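For reference, the structure discussed in these notes is given below.
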Amino acid sequence: GAVVSQHPSWVICKSGTSVKIECRSLDFQATTMFWYRQFPKQSLMLMATSNEGSKATYEQGVEKDKFLINHASLTLSTLTVTSAHPEDSSFYICSASLRTRDSYEQYFGPGTRLTVT
Amino acid sequence: AQSVTQLGSHVSVSEGALVLLRCNYSSSVPPYLFWYVQYPNQGLQLLLKYTSAATLVKGINGFEAEFKKSETSFHLTKPSAHMSDAAEYFCAVTGGYQKVTFGIGTKLQVIP
């Protein structure tokens, strides 16, 4: 159980275009999802917290107008990279939060490799 | 505030040898601690977690970790390394809320 999917798994786009990445919790409902960015050989950097039915909370330094997050349902959050540039090329990973008996546990998607040419 | 320090960005062990990946944490509240594993171009998989129950936590694939409050540590161990253990390992901490802070990761290399 507790499976999270991401689509697409990889995408190549031209500079200036927009790309949408989907994150789905397949067998549980998640009121909160998280979006991370991971540069090569580095750790995960939290970009934003996506809350179902409300605006996302962005981390300091993350441009909310560039990285649009929508969490329209309890099983789907989307990240749209608008007007993508080569420096936006990265590995984007989402996670969905599941409350357990004594804590929250995050389940991660497989990631999306974005390459902007 | 919370943070995680992973000592050693690269660790090499021989197949069959002990695996020890170090993690120290800082948290202003009682922490929940996690170890995740990441294979190339994949997401993160939870290995084990500490949530204030037993201090010695057993996880998947033969890994375990011990929470030591006095040392603010949560080191990951496995008695005998297998080639399939080669991956990136991340230690993470949360204060019981949903937001998780990750360490920089330790790349484990297993030498045949």
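Keep in mind it's a predicted model, so treat the numbers as computed, not measured.
Heavy-atom neighbours of Lys66(A) NZ from other residues, nucleotides or ligands within 6.0 Å: above the threshold of 12. Residue His7(A) places its NE2 atom among 12 or fewer non-hydrogen atoms of other residues, nucleotides or ligands, all under 6.0 Å distant. Counting heavy atoms of neighbouring residues, nucleotides and ligands inside a 6.0 Å radius, atom CZ of Arg113(A) exceeds 12 of them.
Residues Gln38(B) and Phe91(A) approach most closely at NE2-CE2, 3.8 Å, considering heavy atoms. Minimum interatomic distance between Phe108(A) and Leu44(B) (heavy atoms only, all atoms of both residues): CB-O, 3.5 Å. Across all their heavy atoms, Leu44(A) and Phe102(B) have their closest contact at CB-CD1, 4.3 Å.
In this structure, Thr94(B) OG1 and Gln106(A) CD are separated by 7.5 Å, a value rounded to the nearest 0.5 Å.
Hydrophobic clustering (side-chain heavy atoms under 4.5 Å, transitive across Ile, Leu, Val, Met, Phe, Trp, Tyr) keeps Phe90(B) apart from Met45(A). A single hydrophobic cluster is not seen to contain both Leu68(A) and Ile93(A); linkage of ILVMFWY side chains at heavy-atom distances under 4.5 Å, directly or through other members, places them apart. Residues Val57(B) and Leu47(B) share a hydrophobic cluster, clusters being chains of Ile/Leu/Val/Met/Phe/Trp/Tyr side chains in contact below 4.5 Å. Hydrophobic clustering of Ile, Leu, Val, Met, Phe, Trp and Tyr side chains at less than 4.5 Å, counting indirect connections, keeps Leu76(A) apart from Val4(A).
Proximity of a side-chain donor or acceptor of Ser43(A) to a complementary backbone N or O of Gly103(B) within less than 3.5 Å is detected.
Chain B forms more heavy-atom pairs under 4.5 Å with one residue of Ser95(A), Gly111(A), Ser97(A), Ser9(A) than with any other, namely Ser97(A).
Looking at Lys49(B), only its side chain comes within 4.5 Å of chain A, counting heavy atoms on both sides. Heavy atoms of Phe34(B) lying under 4.5 Å from chain A belong exclusively to its side chain. For chain B, the nearby part of Gln38(A) is the side chain; its heavy atoms alone come within less than 4.5 Å.
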